[in-house]
Student: 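This structure is in structure tokens; I'll ask about it shortly.
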Amino acid sequence: MTDRNKAGSSKAPLVLRDGLSRRDFLKLTGGLTAAAAVGSAPAAAQAGVQTRARIVVLGGGAAGLTVAARLRDLLDGARITVVEPSETHHYQPGWTLVAAGTYSVSDVTARNEHYIPRGVDWKKDYVAAVDPESQVVETAGGDRLDYDFLVVATGIHLDYEAIEGLERADIGQNGLTSIYAGPEQARHAYEQTQRLGEQGGVARFTIPNTPIKCAGAPIKATLIAEDLLRTAGHRDRVDFHYHVREGALFSVERFDGMVRDIYGERGVGIESGSVLQGVEPELRRATFVDGDGNRETVDYDYLHVVPPMRAHDWVREAGLAVEDGSLAEGGWLAVDDQTLQHARYPNVFGAGDVVDTAIGKTASTVRAHGSVTPDNLVSVLQDREPQQRFDGYTSCPLITEVGKAALVEFDYTLEEVPTFGFIDQGQPSWMWWRLKVHMIKPLYYNMLRGRYLR
Ligand SMILES: Cc1cc2nc3c(=O)[nH]c(=O)nc-3n(C[C@H](O)[C@H](O)[C@H](O)COP(=O)(O)OP(=O)(O)OC[C@H]3O[C@@H](n4cnc5c(N)ncnc54)[C@H](O)[C@@H]3O)c2cc1C
């Protein structure tokens, strides 16, 4: 890790800013430990429920691994299989820090073999189809897996192809960037920001017309790039434009206001009702569409793309997707938004980004799903009603510059639910930056082992 942060470097002396005392910081680190410790206890200490149930977990990312680990701890004798094609585990919340030049690619990359829980089978393949009536999963390699219970945790499909003229291979070249595409692309974003500073020009940042994972990440990408240029002394060479659909920049009113204020202070223009429709990468031209369908083509030197997002096609093809309402188009998994049990199939549960809840889609949300989903599955397995309730918990450290962040936490009410009530978490501070850089990653990897769930 190359911590280039001014205030937050691990080597820098503990310089207290923003009126926060050393005592506050100690309370914070102590509080974090306490907050972790009061989460769901590792279930291994409890007697496991005896069962011969066959449980298939689709997807072995943040949610799939967490759920599998907790199920393994809760149950005795179950046959649990995780279907996950990739050897590599991506710590996606670290990708913004790669774009900031703070983390390296290797800081956010791990091997799945270290996190598939012992005693759980790993089917290294893609799910191709599910028949929820006959309770069978088919993999791309042609295998059939019968199940008694199914957990769907395959995350999100990034629909770059829905943007006219854009191919994934274009990302990282000719000023076209997207930190959502992967850690290498996040590193390219950092490099292209340096190049933009040297050459000057117009930088554009986009938001699609769909739900997205970590809704704060596009804001972070913008403010990190702006700060990198400011620190390098090149800020006056670049015009910043943030293209957003109509409405709020952030779902929590206070942070919507805060981001607007920061954009105003730092000269980031907000282009409202402007959704990316197409790109011509060679010509560095982008076409945006407004709510009435009017198109406008503009030049750019640097374009950060956040693609439209939806569930993978097989979810809809299996008849597991939400069928009505504003989320139907994305084919998200239809679940009860509190129990995370499927709306039509009681032996099917969801976890992570794939579910059709109104908010969520963060790794912090997975900390909550990681106990709600397995615990409710075990209740149903015992012929009981699901007991656990997901409250919509969503969180991310909203990076406002390299070295500062606000710690945003909220639930279905869209009101703040701060973990550290003794400090105003919404005030950007070096403390939340340090939390993001040094503490959240170990918490995340513990979560994958079923520990410190919310
Ligand atoms: C740039 C960025 C910044 C972020 N910042 C934050 C942050 O600051 N804080 C925060 O809390 N969250 C953040 N997130 C969000 C967080 O990473 C996700 O919410 C979290 O990873 C969701 O977990 P998941 O298991 O649902 O999806 P994933 O972790 O994406 O895992 C899905 C898994 O399903 C597998 N899969 C896909 N298709 C199939 C198939 N057909 N068959 C079998 N397996 C399949 C994939 O290989 C993958 O392993 C960020 C995300 C990004 C991209």
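Position 1 is the first residue of the sequence; numbering continues from there.
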Student: For R168, what residues pass the salt bridge (charged side-chain N to carboxylate O under 4.0 Å, His left out) criterion, not counting sequence neighbours?
Tutor: none
Student: Step by step, work out the side chain to side chain contact (heavy atoms under 4.5 Å, CB included) result for E164 and T287.
Tutor: CA-CA 9 Å; E164 293 161 14; T287 298; 5.9 Å; no
Student: Does the Lys NZ or Arg CZ of R266 fall within the cation-pi geometry relative to F240 - under 6.0 Å from the ring centre and within 45° of the axis?
Tutor: no
Student: Can you tell me if CD on Q194 sees more than 12 non-hydrogen neighbours from other groups inside 6.0 Å?
Tutor: yes
Student: Hey, is the main chain of D337 close enough, under 3.5 Å, to the side chain of T357 for a donor-acceptor pair?
Tutor: no
Student: Could you label the plane-to-plane angle of the F288 and H243 rings as parallel, tilted or perpendicular, counting under 30° as parallel and over 60° as perpendicular?
Tutor: parallel
Student: For S379, what residues pass the side-chain contact (heavy atoms from CB on, under 4.5 Å) criterion, not counting sequence neighbours?
Tutor: R384, Q387
Student: Tell me whether the rings of H89 and Y444 are parallel (<30°), tilted (30 to 60°) or perpendicular (>60°).
Tutor: tilted
Student: Verify side chain to side chain contact (heavy atoms under 4.5 Å, CB included) between K361 and D353, making sure each step is shown before the conclusion.
Tutor: CA-CA 5 Å; K361 308 206 191 305; D353 292 344; 3.6 Å; yes
Student: Which of parallel (below 30°), tilted (30 to 60°) and perpendicular (above 60°) describes F420 and F422?
Tutor: perpendicular
Student: Can you tell me how far the NZ atom of K436 sits from the OG1 atom of T96, to the nearest 0.5 Å?
Tutor: 4.0 Å
Student: For E265, enumerate each residue passing the salt bridge (charged side-chain N to carboxylate O under 4.0 Å, His left out) test, keeping only those at least two apart in sequence or located in another chain.
Tutor: none
Student: Donor-acceptor pair, S395 side chain versus V408 backbone, under 3.5 Å?
Tutor: yes
Student: Counting N and O atoms only, with roles assigned by atom type, does the side chain of D256 sit under 3.5 Å from a partner on the main chain of F250, one being a donor and the other an acceptor?
Tutor: yes
Student: Stepwise, does the side chain to side chain contact (heavy atoms under 4.5 Å, CB included) test hold for W314 with L320?
Tutor: CA-CA 9 Å; W314 70 262; L320 292 171; 4.1 Å; yes
Student: Check E198 with R195, please: is the shortest side-chain N to carboxylate O separation under 4.0 Å?
Tutor: no
Student: Determine yes or no for a side-chain-to-main-chain donor-acceptor pair under 3.5 angstrom, with R204 supplying the side chain and D299 the backbone.
Tutor: yes
Student: Can you confirm whether E167 is buried at CD, in the sense that more than 12 heavy atoms of other residues, nucleotides or ligands lie under 6.0 Å from that atom?
Tutor: no
Student: Check the pair E409 / Q425 against side-chain hydrogen bond (donor to acceptor under 3.5 Å, both in side chains), numbers first and verdict last.
Tutor: CA-CA 9 Å; E409 294 182 285; Q425 294 184 184; 2.9 Å; yes
Student: Does E161 CD have over 12 foreign heavy atoms under 6.0 Å away?
Tutor: yes
Student: Under 3.5 Å, is there a donor-acceptor pair between the side chain of T206 and the main chain of V306?
Tutor: yes
Student: Of all heavy-atom pairs between T365 and T394, which one has the smallest distance, and what is that distance?
Tutor: OG1-CA, 3.7 Å
Student: Report the C-alpha separation of S106 and T109 in whole Å, then their side-chain angles, then the decisive distance to 0.1 Å, and conclude whether the side-chain hydrogen bond (donor to acceptor under 3.5 Å, both in side chains) test is met.
Tutor: CA-CA 5 Å; S106 62; T109 312; over 6 Å; no
Student: With rounding to the nearest 0.5 angstrom, report the OG1 to CD distance, T339 to Q341.
Tutor: 5.0 Å
Student: Counting only N and O atoms by type, is there a donor-acceptor contact under 3.5 Å from the side chain of E87 to the main-chain atoms of N112?
Tutor: no
Student: So, do V67 and L377 sit near enough that their side-chain heavy atoms are less than 4.5 Å apart?
Tutor: no
Student: Under a 4.5 Å cut-off applied to non-hydrogen side-chain atoms, are Y190 and I224 in contact?
Tutor: no
Student: Any sub-3.5 Å donor-acceptor pair from R245's side-chain atoms to I207's backbone N or O?
Tutor: no
Student: What orientation do H304 and Y180 show, parallel under 30°, tilted 30 to 60°, or perpendicular over 60°?
Tutor: tilted
Student: Should we say atom OH of Y412 is surrounded by more than 12 heavy atoms from elsewhere, each under 6.0 Å from it?
Tutor: yes
Student: Within the side chain of D227, is there an N or O that forms a donor-acceptor pair under 3.5 Å with the backbone of L223?
Tutor: no
Student: Under the 3.5 angstrom rule, does the side chain of R235 hit a backbone N or O of V238 as a donor-acceptor pair?
Tutor: yes
Student: Measure up the F205 and Y302 rings against each other and bin them: parallel (under 30°), tilted (30 to 60°), perpendicular (over 60°).
Tutor: tilted
Student: Do E317 side-chain atoms and A129 backbone N/O form a donor-acceptor pair below 3.5 Å?
Tutor: no
Student: Where do T210 and R310 land on the side chain to side chain contact (heavy atoms under 4.5 Å, CB included) test, with the steps shown first?
Tutor: CA-CA 8 Å; T210 65; R310 57 181 171 82; over 6 Å; no
